[in-house]
Amino acid sequence: MTTYAIIGGTGLTELEGFALRETRQVETPFGLPSAEILRGDFAGREVLFLARHGHPHRIPPHRVNYRANLWALKSIGAQAIIAVNAVGGIHSAMGSGHFCVPDQLIDYTAGRAQTFFEDDLEHVTHIDFSFPYDPALREALVAALRAEGVSHSAAGVYGCTQGPRLETVAEIARMERDGCDIVGMTGMPEAALARELDLPYACLALVVNPAAGKSAGVITMAEIEAALAAGIGQARAVLARVLAGGL
Ligand code: HPA
């Protein structure tokens, strides 16, 4: 059976229903991951869990050590990764509380350590990244969202910004012209690093606010927190259904 790792984003630093068996502090050639990795039982199987922003939530998106996170998960046995990400909605279908399983992404980040393939190389490596997310894992997430009766989109383009500030209205308008449906700050380089390590990877994105310019007012942390609180139970149910499904 595949060993899954869940990378929990904002609002998912703990996984209710997760029976902890072991906590591991894993050192990597890239430093320490965001938090100790938890190994335990969830939905009837062994699962690894890592809080992307640390536990408690304290590491901003541009400071997350994505290389250490992915390396550590692989080194202790992860064979596939489900990432949970809070995002802003750009497309009109992406209202607060809506889920999206993106099939494409555009990377707008800058200055993040984004590859394992740069030092001590015997040869230069370019991974294929035409389709950044694993199709089988995406399909399992979409089937679980459908079965849970949760409002969702089965595909979409995730635009990853640098943060930690939110975007301007003009930036979101440009991203919309580029074809982005949702905007977040943590999708990259995580997805590319997973591919470099040959780990199937998919993203369960929860819309927690309309992106800049997509609602009348400004974006508040209170609105984001309320949407997270409302949606995280559904995210958990979806994850449980995927894992119980036994891919
Ligand atoms: N922009 C970028 N990242 C986000 C947003 C947003 O509006 N909401 C949650 N994460």
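Both ligands and their constituent atoms are indexed starting at 1 by order of listing.
Counting only N and O atoms by type, the side chains of E167 and T161 include a donor and acceptor under 3.5 Å apart.
Near E167, meaning under 4.0 Å from one of its heavy atoms, ligand 1 places the atoms 1 (N), 2 (C), 6 (C), 7 (O).
Of all protein heavy atoms, the one closest to atom 3 (N) of ligand 1 is G184 CA, 3.4 Å. Of the protein's heavy atoms, A86 O, 3.4 Å lies nearest to atom 10 (N) of ligand 1. Distance from atom 7 (O) of ligand 1 to its nearest protein heavy atom, with residue and atom name: N209 ND2, 3.0 Å. The protein atom (non-hydrogen) at minimum distance from atom 5 (C) of ligand 1 is G88 N, 3.4 Å. The protein non-hydrogen atom at the shortest distance from atom 4 (C) of ligand 1 is V183 O, 3.6 Å. Protein heavy atom nearest atom 6 (C) of ligand 1, with residue, atom name and distance: L166 CD2, 3.4 Å.
Classification of the F30-W71 ring pair by plane angle, with boundaries at 30° and 60°, yields perpendicular.
Counting heavy atoms from C-beta outward, I7 and L73 have side chains that approach closer than 4.5 Å.
Within the model, atoms CD1 of I82 and CG of L48 stand 11.5 Å from one another, a figure rounded to the nearest 0.5 Å.
Contact annotation: for V208 versus ligand 1, heavy atoms closer than 4.0 Å belong to the side chain alone.
Each of R52, R112, R67 was checked for a salt bridge (charged side-chain N to carboxylate O under 4.0 Å, His left out) with E190, and the lone residue meeting it is R52.
Nearest heavy atoms, Y133 versus R138: CB-CD, 3.5 Å.
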